[in-house]
Amino acid sequence: MKIIIANYKMNPLTLSASIKLAKAEDFSGVFIAPPSLFLAGVKENIQRAGLAAQDVSNSELTTGAWTGEISATMLKKIGVKLVLIGHSERRVSGETEAQIAGKVKTALAAGLKVVLCVGEPLIIRQKGMSAVKEFLKKQIVSAFSLSKNHQLPTKNLLIAYEPIWAIGSGQPATPEVASEVSVFLRSLISKNYNLSTKILYGGSVSAANAKSFLNHSAIDGLLIGGLSLKPKEFKKCV
Ligand code: PGA
């Protein structure tokens with residue numbers, strides 16, 4: 001079954017609006033990632049979809065003196081099944097490779113599914129596919145650098161390929177490019193870590209193009225931003 005993740009980002013404004021949205025997108029195979037403030041409220045109102053978080057602390061503590069942080073164990077206890085890590089919008093606001101590696105390790109240790117987000121900026125894309133692959137390989141190797149092989153469970157580790165230039169731009173990668181990158185990432189992870197990982201695509205997914213990605217056997221699902229705020233359109237992707 002293909003996986004669809006609805007990343008609400010910093011939307012919508014209120015808990016009641018979040019609940020309304022989540023109820024309209026409550027399908028099996030879907031994970032809903034509302035703002036952390038609304039996780040508990042959304043959880044109580046969904047039955048089929050899984051609850052997802054947009055971020056997690058890199059601290060290994062379950063509780064402690066970390067102002068503003070939410071631990072992986074807290075997320076797990078509230079019913080979160082899956083967490084996004086290393087989204088490009090967090091990387092540009094200062095999240096480091098070291099923090100991402102810490103988050104991957106901590107979230108996996110807490111038993112959460114991890115969706116590691118990777119993707120190249122336009123300047124790398126313009127250099128061609130081998131530059132893209134080199135860039136993605138560095139992101140993956142760095143993100144797993146704190147986790148030993150036995151701490152990277154196949155069933156809990158997913159990768160989302162999200163080219164930065166495609167996010168929110170209305171200009172998605174072609175399904176062929178997304179598929180080629182998925183094949184590359186899957187074989188890289190299999191070779192380096194002996195894991196078979198699900199690879200998702202994200203970046204300007206629309207009701208019109210979703211199926212063209214999902215029809216590729218190499219693409220295991222979608223990470224959807226903007227469209228997840230439009231339930232009627234979102235439904236067409238599920
Ligand atoms: P988008 O965002 O679907 O609005 O392009 C995707 C994402 O950032 O996860």
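Note that ligands are numbered from 1 as they come in the structure, with each ligand's atoms numbered from 1 the same way.
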Any Lys/Arg nitrogen of [X] or [Y] sitting under 4.0 Å from an Asp/Glu carboxylate oxygen of the other?
X: K138; Y: E97; value: no
X: E134; Y: K137; value: no
X: K2; Y: D220; value: no

What residue and heavy atom of the protein are closest to [atom], and at what distance?
atom: atom 2 (O) of ligand 1; result: K9 NZ, 3.2 Å
atom: atom 9 (O) of ligand 1; result: E162 OE2, 2.8 Å
atom: atom 4 (O) of ligand 1; result: G226 N, 2.8 Å
atom: atom 3 (O) of ligand 1; result: G225 N, 2.9 Å

With heavy atoms of [X] as the reference, note each atom of ligand 1 found under 4.0 Å away.
X: I167; answer: 2 (O), 5 (O), 8 (O)
X: H87; answer: 7 (C), 8 (O), 9 (O)
X: L223; answer: 9 (O)
X: G203; answer: 5 (O)

Indicate yes or no for a side-chain donor-acceptor contact from D26 to the backbone of I46 under 3.5 Å, with no hydrogens or angles considered.
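No; judged by distance alone, with no hydrogens or angles, the pair does not exist.
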
Report the part of N7 in contact with ligand 1, treating N, CA, C, O as backbone and CB onward as side chain, heavy atoms under 4.0 Å; options are side chain, backbone, both, neither.
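Within the 4.0 Å criterion, N7 contacts ligand 1 through side-chain atoms alone.
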
If you measure from each heavy atom of S204 to ligand 1, is any distance below 4.0 Å?
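Distance cut 4.0 Å: S204 passes for ligand 1.
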
Would you say NZ of K133 has more than 12 non-hydrogen atoms from neighbouring residues, nucleotides or ligands within 6.0 angstrom?
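Check passes, neighbour count above 12.
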
Can you find an N/O atom of S169 closer than 3.5 Å to an N/O atom of ligand 1?
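S169 vs ligand 1: no N/O contact under 3.5 Å.
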
Please say whether G168 places an N or O atom under 3.5 Å from an N or O atom belonging to ligand 1.
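Between G168 and ligand 1, an N or O pair is found under 3.5 Å apart.
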
Test side-chain contact (heavy atoms from CB on, under 4.5 Å) applied to N156 and L112, step by step:
CA-CA 7 Å; N156 278 354; L112 294 168; over 6 Å; no

What is the minimum heavy-atom distance between V181 and M129, and which atoms define it?
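Here V181 and M129 meet closest at CG2-CE, 3.8 Å.
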
Does M74 share a hydrophobic cluster with V83, counting links as ILVMFWY side-chain heavy atoms below 4.5 Å and allowing steps through other members?
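Same cluster: M74 reaches V83 through Ile, Leu, Val, Met, Phe, Trp or Tyr contacts under 4.5 Å.
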
